[in-house]
Amino acid sequence: MTEPAHLRSTRESYDTVAADYATLVPPAFDRDTFGHAMLAAFAELVRDAGNGPVADVGCGPGHVTSHLHSLGLTAFGVDLSPGMVEVARRAHPGLRFDVGSMTALEQRDGELGGVLAWWSLVHTPPEVLPVVFDEFHRVLAPGGHVLLGFHAGDERRHKKKGYGGHPMSVDVYLMPPDRVAGVAARAGLEVRARLFLDRESLGKAAGACLLLRKPVTP
């Protein structure tokens, strides 16, 4: 099977920028008060449900996976970029990181208590979102939770360089939160909470967080 172009371009771009990304992005995460609040709520819900480990999909250099671990979760990271996974393993040797795609996770049906996609849907074409959310639904145990963070808007941009000025070639998708929630709902994931972050709060494009849950009964 031919690999979709967006997966190939994302892998190649983030392999290129992995080292500088790991230097530039984690400090910004450390200052993200609103994001930390949503992650804390997500962690509490997952712990209370007692449904199993959490996959941080699109984990990058592993800083958010490590944060989930500090919140008491059994968390592991998955990233499309082998370069990112290599950086994550060096930075967090006590945690597990795997190369993989959110469109085809290796976990068994119902194996996970939670899935985190923290600004990692940004390069996923809107027509591929149903595949992603169906996969999240599949790997979650009943009562499991998903937390999404993504750029809010309704446009596609092309990113040619970034993270230290390295060349990149990836499309960036800004998505309306209501549309994302609708796709998630059609995959069987119910919306439990929403947070909208304006441009001033983020210092860049507006963002949104959605907290989703797989129902205990169909």
Side-chain angles (χ1 to χ4, degrees), residues 3-36 38-39 42-43 53-71 73-107 114-125 128 132 147-151 156-175 197 199 201-205 207 209:
E3 181 180 49
H6 77 278
L7 295 182
R8 183 173 60 256
S9 63
T10 300
R11 177 187 299 107
E12 292 173 354
S13 291
Y14 281 91
D15 277 349
T16 299
V17 304
D20 281 327
Y21 186 104
T23 300
L24 296 169
V25 173
F29 172 73
D30 291 341
R31 300 188 298 269
D32 183 5
T33 302
F34 294 110
H36 283 202
M38 289 297 288
L39 288 165
F42 169 72
V54 172
D56 176 12
V57 296
C59 65
H63 56 294
V64 183
T65 316
S66 177
H67 183 71
L68 293 178
H69 178 74
S70 76
L71 295 174
L73 298 179
T74 302
F76 65 95
V78 178
D79 201 277
L80 190 62
S81 161
M84 283 291 193
V85 168
E86 182 180 348
V87 170
R89 287 172 175 168
R90 286 200 305 266
H92 309 284
L95 298 178
R96 170 187 160 195
F97 296 96
D98 301 324
V99 176
S101 171
M102 65 178 70
T103 60
L105 295 169
E106 295 184 356
Q107 280 64 48
V115 175
L116 176 69
W118 199 243
W119 265 260
S120 56
L121 296 173
V122 64
H123 305 302
T124 303
V128 181
V132 171
L147 180 60
L148 310 175
F150 56 94
H151 295 303
R156 182 181 69 181
R157 303 172 180 173
H158 189 72
K159 190 177 184 71
K160 295 182 179 180
K161 65 178 181 178
Y163 308 109
H166 296 286
M168 302 180 73
S169 182
V170 286
D171 287 332
V172 177
Y173 296 92
L174 283 68
M175 299 176 288
L197 300 167
R199 185 184 299 270
S201 298
L202 284 177
K204 52 185 177 181
C209 297

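If you're wondering where the values come from, they're calculated on a predicted model, not measured in any experiment. Index from 1, following the sequence.
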Enquirer: Counting distance only, does the side-chain N/O of Asp56 pair as donor-acceptor with the main-chain N or O of Gly77 below 3.5 Å?
Expert: no

Enquirer: For a quick test of reading the model, state the closest non-hydrogen atom pair linking Gly60 to Ala88 and the distance between them.
Expert: O-CB, 3.7 Å

Enquirer: Taking the side chain as every heavy atom from C-beta outward, state whether Ser66 and Leu95 have any atom pair closer than 4.5 Å.
Expert: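 Ser66 reaches Leu95 side chain to side chain.
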
Enquirer: Centres of the His67 and His36 rings: under 6.0 Å?
Expert: yes

Enquirer: Between His123 and Ser13, do the side chains contain an N or O donor and an N or O acceptor separated by less than 3.5 Å?
Expert: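 There is no such pair between these side chains.
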
Enquirer: How many angstroms lie between CG in Asp32 and CG in Leu39, if you round to the nearest 0.5 Å?
Expert: 8.0 Å

Enquirer: To the nearest 0.5 angstrom, please state how far the CG atom of Leu68 sits from the CZ atom of Phe42.
Expert: 6.5 Å

Enquirer: Test Ser169 against every option in His158, Lys159, Lys161 by the side-chain hydrogen bond (donor to acceptor under 3.5 Å, both in side chains) rule and name the one that passes.
Expert: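 Of all the options given, the one that passes is His158.
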
Enquirer: What residues, two or more places apart in sequence or in another chain, satisfy ring-ring contact (aromatic ring centres under 6.0 Å, His included) together with His63?
Expert: Phe29

Enquirer: How close do Leu24 and Gly164 get, heavy atom to heavy atom, and via which atoms?
Expert: CD1-N, 3.7 Å

Enquirer: Without swapping roles, check the side chain of Ser101 against the backbone of Leu80 for a donor-acceptor pair under 3.5 Å.
Expert: no

Enquirer: Considering residues at least two apart in sequence or located in another chain, which fulfil the ring-ring contact (aromatic ring centres under 6.0 Å, His included) criterion with His166?
Expert: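 None.
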
Enquirer: Does Tyr173 have any ring-ring contact (aromatic ring centres under 6.0 Å, His included) partners at least two apart in sequence or in another chain, and if so, which?
Expert: none

Enquirer: With under 30° as parallel and over 60° as perpendicular, where do the rings of Tyr14 and Tyr21 fit, or are they tilted in between?
Expert: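 Because their plane-to-plane angle is over 60°, the rings of Tyr14 and Tyr21 count as perpendicular.
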
Enquirer: About how many Å separate CD of Glu86 and CZ of Phe97, when rounded to the nearest 0.5 Å?
Expert: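 Going from the CZ atom of Phe97 to the CD atom of Glu86 covers 13.0 Å.
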
Enquirer: Quick check: do Met102 and Leu121 have side-chain heavy atoms less than 4.5 Å from each other?
Expert: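 Met102 reaches Leu121 side chain to side chain.
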
Enquirer: For the residue pair Val54 and Thr74, establish whether any side-chain heavy-atom pair is separated by less than 4.5 Å.
Expert: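 A side-chain contact under 4.5 Å is absent here.
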
Enquirer: Can any side-chain N or O of Arg156 pair as donor or acceptor with the backbone N or O of Asp171 at less than 3.5 Å?
Expert: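 The answer is no, because no donor-acceptor pair under 3.5 Å joins these two groups.
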
Enquirer: Does any N or O in the side chain of Ser9 come within less than 3.5 Å of the main-chain N or O of His6, such that one atom is a donor and the other an acceptor?
Expert: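 Side chain of Ser9 to backbone of His6: a pair is present.
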
Enquirer: Restricting to non-hydrogen atoms, name the atom on Val17 and the atom on Gly162 that form the minimum distance, rounded to 0.1 Å.
Expert: CG1-O, 3.7 Å

Enquirer: What are the two closest non-hydrogen atoms of Asp98 and Arg89, and how far apart are they?
Expert: CA-NH2, 4.1 Å

Enquirer: Measuring only between side-chain heavy atoms, which start at C-beta, is Trp118 closer than 4.5 Å to Cys209?
Expert: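 They are in side-chain contact.
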
Enquirer: Do the side chains of Tyr163 and Val25 get nearer than 4.5 Å, heavy atoms only?
Expert: yes

Enquirer: Test side chain to side chain contact (heavy atoms under 4.5 Å, CB included) on Phe76 and Gln107 and set out the steps.
Expert: CA-CA 12 Å; Phe76 65 95; Gln107 280 64 48; 3.6 Å; yes

Enquirer: Out of curiosity, Met175 CE to Thr124 OG1, how far, rounded to the nearest 0.5 Å?
Expert: 7.0 Å

Enquirer: Do His92 and Pro61 come close enough that some side-chain heavy atom pair is under 4.5 Å?
Expert: no

Enquirer: For a quick test of reading the model, state the closest non-hydrogen atom pair linking Val57 to Ser120 and the distance between them.
Expert: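 Nearest heavy atoms, Val57 then Ser120: O-OG, 2.8 Å.
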
Enquirer: Looking at side-chain heavy atoms only, is the closest gap between Glu12 and Met168 below 4.5 Å?
Expert: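 The answer is no, as the side chains (C-beta and beyond) never meet within the 4.5 Å cut-off.
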
Enquirer: Under a 4.5 Å cut-off applied to non-hydrogen side-chain atoms, are Pro82 and Asp15 in contact?
Expert: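 Sidechains of Asp15 and Pro82: in contact.
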
Enquirer: Is the backbone of Val99 close enough, under 3.5 Å, to the side chain of Asp79 for a donor and an acceptor to pair up by distance?
Expert: no

